[in-house]
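As structure tokens, the structure follows; a few thoughts come after it.
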Amino acid sequence: MELERRIREYVTRELLYDRDVSALKDDDSLLGPGLLDSVAVLRLVAWIEEEFGIPFPDEDVVPDNVETVRRLADLVRRRQGAAG
Amino acid sequence: MQPFLLGQLPGRAAARDPDHPAVVLDDERRTYGALVAESSRMAGLLTALGVVPHDRVALLARKGTRTVDALYGILRAGAAYVPLDPASPAARHALLVRDSGARCVVGEGALVRALLAADPGPGLEAAILLDDAPPLPPGLRVGTPADLAAFDTAQPDHAGTELDLAALLYTSGSTGAPKGVMLSHRNVLSFATWAAGEFGLRADDRVANHAPFHFDLSTFDYFAGAYAGAAVHPIPSREAPFPATVAERTARDRHSVVYATPSTWIQLLTRGRLAERDLGALRVALYAGEVFPPASLARFLAALPREASCWNLYGPTETNVCTFTRVTRAPHEGEPASIGRACPNCEAFALDESGRVAAPGGEGELFVAGATVMQGYWNDAARTAKSLVPHPLAPGGSRVAYRTGDVVRVAPDGSFLFLGRRDHQVKVRGYRVELGEVEGVLAADAAVIEAAVVALPHTEHGAELVAAVILASGGGADERSLRRACAARLPAYMVPGRVLVRDGFPRTSSGKLDRVRLTEELAAQPAPEHGGAAAGRPDGA
């Protein structure tokens with residue numbers, strides 16, 4: 001859950017500019033109108049690589065992996081597990 | 001004889017082959033015959049809700065077959081469509097609805113609901129929802145998908161003329177408010193029919209649609225595509241930020257005609273591995289909206305199939321495409337990009353500072369006249385008069401020419417080389433941004449004494465916007481709150497990636513903001529982590 005919280009905070013603050021998404025839930029889509037655009041996705045991927053020390057190669061940057069906070073957290077967990 | 005109007009395009013294609021696909025998006029499919037029927041119903045519902053010819057109707061929906069039904073329904077009801085960017089904040093939608101005087105909005109339920117909560121003004125009287133959304137608050141006449149069934153699938157179009165308004169496309173305005181570019185049926189058709197012929201579009205083409213409806217590149221996809229009776233394949237909005245997914249779709253759906261910004265092409269190449277995919281179906285690759293950086297252009301040309309042709313199309317929204325050139329090699333680094341010569345339906349010429357037509361080797365501002373040039377800016381005679389001037393080469397007549405604000409050099413063969421802008425307009429991912437409009441939003445905060453926005457070159461997006469502000473002490477604003485204010489009022493591509501607080505700005509000897517020095521100062525700021533998003537933290541981390 002800690003992972004979800006960190007991702008949610010980053011997305012809300014840095015990508016959604018603190019817009020009124022206080023109710024952003026871990027299973028809410030981040031890909032609806034006005035949410036993540038192409039630049040935001042690039043930033044998110046770079047942040048995840050650095051923050052969690054995992055690779056996030058271009059071919060994995062697909063809607064199914066980025067759709068929600070939970071999917072992102074699951075991906076990070078899988079990668080961390082694979083590395084450890 | 002009935003004039004040729006945009007709303008007739010699906011019917012003309014259906015007369016040739018009603019079962020040919022018009023719009024294909026995964027499992028969603030509209031044949032031209034079905035598009036005629038559904039757009040007829042939509043026109044009927046619009047009329048029943050009070051829309052009359054010459055009205056403006058806002059279109060607030062992501063790509064999809066129903067959105068295309070609505071697009072043609074609006075046109076066939078005799079109205080003009082006003083495409084709103086679904087990704088923009090509701091406050092921006094409301095501003096454009098008020099400015100355009102739209103009587104009706106057609107869109108997705110959630111977006112329409114947010115619009116209604118953001119003060120769209122008393123002129124908005126009706127809404128049509130394209131999905132099965134919960135009921136809207138009272139006060140409007142509302143149509144739903146279930147209502148469409150009651151309307152005739154073959155009702156005649158409203159009569160109109162070629163000079164009627166067909167589309168109102170809003171672009172960034174330098175004085176702080178967006179401006180509505182008025183395009184007539186003739187403007188759009190003149191472009192679409194030329195383009196369909198020039199690039200040899202055919203019914204068996206699969207025309208990818210990258211641009212959203214509010215971006216003028218989309219008029220090629222839908223209207224030139226329909227003129228040829230081709231199938232339009234929209235890239236779903238949800239997939240657009242994912243180059244690997246879009247590149248895979250390009251190959252899988254065998255897109256044969258693709259029109260996109262250089263920013264989009266570069267993303268597909270560098271992050272979507274476009275060059276490694278099977279592009280055997282691609283025969284026409286088009287780009288527009290910004291300069292293609294030479295090194296990337298060289299990679300792009302190398303990635304295209306040998307049989308494919310590549311073209312650079314040039315033209316502000318106000319003129320549609322007005323010059324074009326076939327691209328067979330990338331310019332050398334530092335060599336200006338060719339925008340080619342005038343399309344056959346246009347006239348383009350450069351005037352030097354003394355008002356004379358620039359000869360080969362000379363430089364000047366590019367002017368455009370002809371069938372594709374807009375009618376003017378909506379409700380803004382002053383701005384129209386500044387941009388649509390009496391034709392400099394036909395004095396005393398009634399003809400006008402559009403001042404592009406772009407500076408060009410005339411090549412020895414008479415074609416034009418793009419040198420830059422006369423003003424503070426920049427391109428971000430192909431979108432036009434007037435820096436003054438962003439500065440206006442920042443300056444609206446009471447704590448901001450002065451705001452300046454500069455564009456720093458960015459290898460993938462063309463430009464990155466960086467704002468610098470001088471704040472009153474104790475005003476309560478900070479980098480974060482200002483970025484939030486921008487995001488609440490501006491489209492995402494206009495929100496500065498960084499907002500930096502400064503004690504003062506560099507000045508010229510006359511005390512004016514020295515933009516050149518400010519740009520150098522901001523470019524020298526240490527690059528923020530995570531591609532530009534993390535700056536703006538008060539602690540500078």
Side-chain angles (χ1 to χ4, degrees), chain A residues 3 6-25 27-72 75-76 79, chain B residues 60-62 84-90 92-93 107-108 110-111 114 212 236-248 263-264 267 270-273 428-429 458 460-461 464 480-488 491-493 495-497 499 528-537:
Chain A
L3 212 51
R6 280 160 73 188
I7 295 171
R8 195 171 54 237
E9 277 183 11
Y10 176 79
V11 168
T12 305
R13 173 176 171 146
E14 293 298 337
L15 303 182
L16 302 179
Y17 306 110
D18 298 319
R19 264 177 294 155
D20 185 19
V21 287
S22 50
L24 181 69
K25 303 219 178 43
D27 292 314
D28 287 351
S29 175
L30 300 173
L31 304 181
L35 300 177
L36 302 190
D37 66 2
S38 56
V39 173
V41 168
L42 286 180
R43 288 174 174 169
L44 176 63
V45 167
W47 177 79
I48 284 182
E49 288 187 322
E50 187 170 319
E51 184 80 6
F52 302 106
I54 56 160
F56 201 152
D58 290 333
E59 59 264 29
D60 284 351
V61 184
V62 295
D64 281 350
N65 284 336
V66 181
E67 177 88 50
T68 65
V69 169
R70 191 180 310 281
R71 299 253 187 103
L72 286 162
L75 184 92
V76 172
R79 281 286 146 71
Chain B
L60 182 51
R62 287 170 287 175
L84 306 181
D85 174 10
S88 286
R92 177 102 173 167
H93 298 155
E108 296 176 44
L111 293 169
S237 314
R238 176 177 180 274
E239 276 180 19
F242 299 95
T245 308
V246 175
E248 186 199 345
S263 295
T264 297
Q267 289 286 308
T270 58
R271 299 182 183 274
R273 292 188 293 123
V428 178
R429 285 179 273 159
H458 189 286
E460 287 189 60
H461 314 305
E464 182 203 9
R480 197 170 160 184
S481 73
L482 290 171
R483 225 157 39 113
R484 186 164 62 225
C486 288
Y493 59 85
V495 178
V499 178
E529 50 188 322
H530 316 317
R537 285 180 190 166

Rounded distance [0.5 Å steps], [atom1] in [X] versus [atom2] in [Y]:
X       : Y        : atom1 : atom2 : answer
A:Ser29 : B:Arg238 : OG    : CZ    : 6.5 Å
A:Glu14 : B:Arg483 : CD    : CZ    : 5.0 Å
A:Leu42 : B:Phe242 : CG    : CZ    : 10.0 Å

Tell me, side chain or backbone of [X] under 4.5 Å from chain B's heavy atoms, or both, or neither?
X       : result
A:Val41 : side chain
A:Val66 : side chain
A:Glu49 : neither

Using non-hydrogen atoms and a 4.5 Å limit, figure out which bit of B:Ser263 sits close to chain A: side chain, backbone, both or neither. neither
So for B:Glu248, is it side chain, backbone, both, or neither that comes closer than 4.5 Å to the heavy atoms of chain A?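 For B:Glu248, neither part sits under 4.5 Å from chain A.
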Any idea which heavy atoms bring [X] and [Y] closest together, and the distance?
X        : Y        : value
B:Ala492 : A:Asp37  : CB-OD2, 3.5 Å
A:Gly32  : B:Arg62  : CA-NH1, 4.1 Å
A:Val61  : B:Ala244 : O-CB, 4.5 Å

Indicate yes or no: at least one non-hydrogen side-chain atom of A:Pro33 is less than 4.5 angstrom from one of B:Leu111. yes
